[in-house]
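This report refers to the structure that appears directly beneath it.
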Amino acid sequence: MSMSPSPPTRFAGESWRTALSMHARVVGAVIMRDLQTRFGTGYFGFLLGLLIPLAHLTVAIAVTTILGRPAAIGTDVPLFLMTGVLPFVVWLYGHRQIMQTLAQNRSLLYFPGVDIFDLFASRAILEIVTATLVVFIVLGTLAALGHQPTVANWQGFIVALSQAWLFGIGTGLVFGSIGPLVPLAYLFGNVLGPILWAVSGIFFLPDSTPDKVRDLLIYNPLCQIIDSFRTAYYAEYYSTFLDQTMLNSALICLVLTGMTILALMRRVI
């Protein structure tokens, strides 16, 4: 008895759609959980969390005022420091939150349908939103105080902030993926913040440093990101230090390295 061929199945296509829908629901649920854990259930906690980055700018202004240093570009010291602090904050908060993903949400992996990539994806999405809000809050606060922030090149401005965010994702993935097996990685990841605060050009311009120092700083992606940010912000600023090809290559390699380590850790955790 001959059998007629079975009709074409749509199972593969439906499986992809089902999987994507499931992952989207998981990511959304984890984002809501992270919001409640980080900021609480009220609006005050969320607003306070967004205002904390202003403390970094306040500290930088206080240090510069005590030392009596003028702005390296222009005459407005708070605006000059903002161009260094803002990319640093975007990197730092993304780095810390991504790095702590497994330490804070590892128990969620015991639930069916929750994947390690869902946890990291939810943190990355949340950091995009919070970083964007932080940028507008900082610029709005400076404008309210009469400093009149004016961006010369909005495209370059957004690119530089995206680079800072990607750098945070990359370093967070690397240290956060290794951390469950090597807890010392969390310590190094936390120490990285104060180190980069001091050597990434928040208070100075790399072009103004001695050649030997400048040759070392060029291998610091955050230093290049801050210089990229200032190049976009100030119409009169031109940097010989910035190397976009080198910077973008480093960011891509860092993120890919983090994703590779995460994929390997997925089999262990």
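Bear in mind the structure is a predicted one, so any value in this text is a computation, not a measurement. The first residue of the sequence shown is numbered 1, and numbering continues consecutively from there.
- Within the 4.5 Å cutoff, side-chain heavy atoms of Leu205 are placed close to those of Phe80.
- In terms of hydrophobic clustering, with Ile, Leu, Val, Met, Phe, Trp and Tyr side chains grouped at heavy-atom distances under 4.5 Å, Val174 and Tyr186 are assigned to a common cluster.
- Taking 4.5 Å as the limit, some side-chain heavy atom of Thr171 sits within range of a side-chain heavy atom of Trp91.
- No side-chain heavy atom of Leu119 sits less than 4.5 Å from a side-chain heavy atom of Arg106.
- You'll find the side chain of Arg230 stays beyond 4.5 Å of the side chain of Ser239, heavy atoms only.
- Partner of Tyr237 under the side chain to side chain donor-acceptor pair (under 3.5 Å) criterion, chosen from Thr231, Asp227, Thr83: Asp227.
- The shortest distance between side-chain heavy atoms of Trp197 and Leu92 does not fall below 4.5 Å.
- A cation-pi arrangement is not found for Arg96 relative to Phe175, the charged atom failing to lie both closer than 6.0 Å to the ring centre and inside a 45° cone about the ring normal.
- The shortest distance between side-chain heavy atoms of Met82 and Leu139 falls below 4.5 Å.
- Taking CD1 of Ile73 as the start and CD of Glu236 as the end, the distance is 7.0 Å to the nearest 0.5 Å.
- Here the side chains of Val138 and Val135 are not in contact, with every heavy-atom distance at 4.5 Å or above.
- Among all heavy-atom pairs drawn from Gln100 and Arg123, the shortest one is C-NH1, 4.0 Å.
- Distance check: Asn220 CG to Leu247 CG gives 10.0 Å after rounding to the nearest 0.5 Å.
- Ring centroids of Trp165 and Tyr93 are separated by 6.0 Å or more, keeping the two rings apart.
- Hydrophobic clustering places Trp154 together with Leu86 (ILVMFWY residues linked when any side-chain heavy atoms are closer than 4.5 Å, directly or through intermediates).
- Phe120 and Phe111 end up in the same hydrophobic cluster when Ile, Leu, Val, Met, Phe, Trp and Tyr side chains are linked at under 4.5 Å.
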